[in-house]
Amino acid sequence: MGEKSVFDSQTNIITDAVVFEEDYTPDEIYCRDEMKTEYVQILRPIYKGRPPKNAFLYGDTGVGKTAVTKFLLEKLADDLEKKHGEQTITANNLSILSSEFPEPHTVASGENADLTVVQLNCQNLPTKGEKGTSYQVAVALVNQFLSEEDELSTTGHAPQAIYNRLYKEIDRLGGTILIILDEVDAIGDDDTVLYELPRSRADGKISEARIGVIGISNDYTFQQNLSPKVQDSLCEREIRFPAYGADQLATILRERADVGLIEGSYSESSLAIIAALARRDSSGSARKAIDILQKAAEIAEDRGKEEITEAFAREAFEEIRKDELIEDIKQQDAHKLNALNALAEAHRLDKVPIRKKTLHSTYSKIVEDNGNKPIAVRSFHNHLNRLVMFGLVNEVTENRGKGGGRYNVYELSQEMTPQAVNKAINETDDISWVDVTYIKDA
DNA sequence: CATCCACTGGAAGATATGGCGA
DNA sequence: TCGCCATATCTTCCAGTGGATG
């Protein structure tokens with residue numbers, strides 16, 4: 001053996017990095033037995049060749065909604081194959097359930113196709129805003145059935161034409177079609193597609209195929225805000241996924257650690273601490289807990305240690321939080337970055353909390369100095385509000401009463417620092433008209 | 001307890017971009 | 001080419017509002 005490469009860490013704790021990745025499906029899913037039982041009841045008709053049921057799943061992010069779905073669908077595909085002894089499943093996204101839209105499609109043309117699973121993440125619709133529309137979901141679904149070169153564009157069509165096209169494609173495929181709409185709350189107020197799909201067969205829009213729709217959401221209120229018509233059909237069955245408790249998170253971590261880490265590199269107590277941190281910060285997200293574990297292992301490796309200590313766990317937690325924050329900032333558009341920049345400037349000058357009007361003039365100055373035209377106060381107000389919703393900016397309402405009036409004051413939220421804003425803006429690719437000259441070390 | 005300030009935030013319309021089908 | 005459609009974001013207008021003040 002030759003010399004050790006500089007790229008190699010002194011110690012190796014992680015034996016299998018795949019285990020920590022987003023789309024890894026463990027052999028067994030822990031602590032979700034009740035949900036699995038209910039879910040099986042929903043999928044059972046498909047196995048028996050009966051019309052599928054519609055269902056609605058809800059629970060916070062990282063509590064296993066997608067994981068259980070993927071797990072059970074793979075099992076269902078296996079079992080169906082065993083039962084019929086031939087390939088009866090055409091699942092376009094089954095193996096890449098957590099992937100992004102749009103994805104290459106492998107929808108089979110098969111005459112034998114008894115079951116087709118179509119999975120769509122409504123959060124990745126080609127809209128710029130955070131909310132998509134029913135129209136876009138319909139377009140995206142149609143595109144799932146088409147080959148890549150035939151894909152429809154996302155605008156320009158009459159809505160009814162899209163729905164008709166969708167029914168045509170569904171009918172052409174035939175068999176049982178299970179449509180899984182992940183992050184379905186990302187479809188704004190317009191729930192047309194959720195109404196149309198489950199009823200399409202009853203309405204005579206399709207005749208060959210049977211459709212089941214499973215909506216997945218992390219917004220508890222979403223389902224309540226749906227129109228009664230949709231609630232009737234889509235929410236035929238409901239499964240609630242509660243948050244993982246700290247002990248459950250620890251169980252999940254132990255399972256991952258057993259598979260992906262060297263034995264002896266982790267202790268029960270360090271896993272318990274990671275579980276507690278994730279539990280507190282993210283209301284029980286297994287994803288978060290696993291990320292922290294991975295990061296802690298990496299930190300330990302970098303330091304040449306063979307064990308994940310409590311200190312590494314806490315360090316990993318802090319680092320992940322910081323990364324998330326920077327990521328959040330980087331995702332903002334130029335207007336919001338400029339607004340954040342102005343707010344960071346106000347922090348440096350110790351002028352916070354600052355009133356919107358004052359902040360707007362600071363913002364205008366920065367933008368004008370850079371040779372660009374600032375947006376009107378009202379629009380600025382909108383952007384600022386969005387930043388508040390994202391949790392990047394704090395808003396406090398003050399009321400000075402008669403002669404003073406009511407107004408809001410703003411400052412960067414607690415975790416935010418002017419430095420974090422600078423770092424994020426510097427790392428942003430599109431800073432074409434974000435004025436970087438104002439970004440200096442505080 | 002009515003007043004009244006300085007805002008907030010809803011609504012509507014303008015502008016721009018990008019795309020379809022005839 | 002023209003007319004239509006979807007989306008995004010800006011601007012203008014203004015009714016409504018919370019609560020300390022008088």
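All figures in this text were calculated on a predicted structure; none of them were measured in a lab. Letters A, B, ... are given to chains in the order of the sequence lines, protein chains preceding strands, and every chain is numbered from 1.
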Write down the distance between [atom1] ([X]) and [atom2] ([N]), rounded to a whole number of angstrom.
X        : N      : atom1 : atom2 : value
A:Phe380 : B:dT8  : CZ    : C1'   : 15 Å
A:Leu152 : C:dT7  : CG    : P     : 14 Å
A:Lys373 : B:dA16 : NZ    : P     : 11 Å
A:Arg386 : B:dG9  : CZ    : C1'   : 14 Å
A:Tyr407 : B:dC4  : OH    : P     : 20 Å
A:Ile375 : C:dT11 : CD1   : C1'   : 11 Å
A:Glu398 : C:dA20 : CD    : C1'   : 12 Å
A:Glu151 : B:dG19 : CD    : C1'   : 15 Å

Any idea which of [options] is nearest the [X] side chain?
X        : options               : answer
A:Tyr410 : B:dT8, C:dC10, C:dC5  : B:dT8
A:Arg355 : B:dC7, C:dT11, B:dT8  : B:dC7
A:Ser379 : C:dA6, B:dT8, C:dT11  : C:dT11
A:Asn399 : B:dC7, C:dT9, C:dG18  : C:dG18
A:His157 : C:dC10, B:dC20, C:dA6 : B:dC20
A:Lys402 : B:dC7, B:dT3, C:dG18  : B:dT3

side-chain N/O [X] vs [N] OP1/OP2, d < 4.0 Å:
X        : N      : value
A:His381 : B:dC7  : no
A:Gln136 : C:dT7  : yes
A:Thr155 : B:dG18 : no
A:His383 : C:dC10 : yes

With a non-hydrogen cut-off below 4.0 angstrom, is [X] in contact with a base, only sugar-phosphate, or nothing?
X        : answer
A:Ser153 : sugar-phosphate
A:Asn385 : sugar-phosphate
A:Thr133 : sugar-phosphate

Under the 3.5 Å rule, do the base of B:dG10 and the side chain of A:Arg378 count as making a donor-acceptor pair? yes
Can you find a donor-acceptor pair, distance only, under 3.5 Å between A:Arg400 side chain and C:dG19 base? no
Working for salt bridge (Lys or Arg N to Asp or Glu O under 4.0 Å), residues A:Lys205 and A:Glu196: CA-CA 9 Å; A:Lys205 307 264 177 55; A:Glu196 291 262 340; 3.6 Å; yes
Begin from the C-alpha positions of A:Lys365 and A:Glu368 and carry the test salt bridge (Lys or Arg N to Asp or Glu O under 4.0 Å) through to its verdict. CA-CA 5 Å; A:Lys365 191 173 176 303; A:Glu368 274 166 9; over 6 Å; no
Check: A:Phe380 ring centre within less than 6.0 Å of A:Tyr363 ring centre: yes
When you measure from the side chain of [X] to the backbone N and O of [Y], does any donor-acceptor pair fall under 3.5 Å?
X        : Y        : answer
A:Arg201 : A:Ser207 : yes
A:Lys288 : A:Ile320 : no
A:Arg32  : A:Val63  : yes

Hey, which of these two, A:Asn408 or A:Gly403, hits DNA chain B nearer its 5' end, going by closest nucleotide? A:Gly403
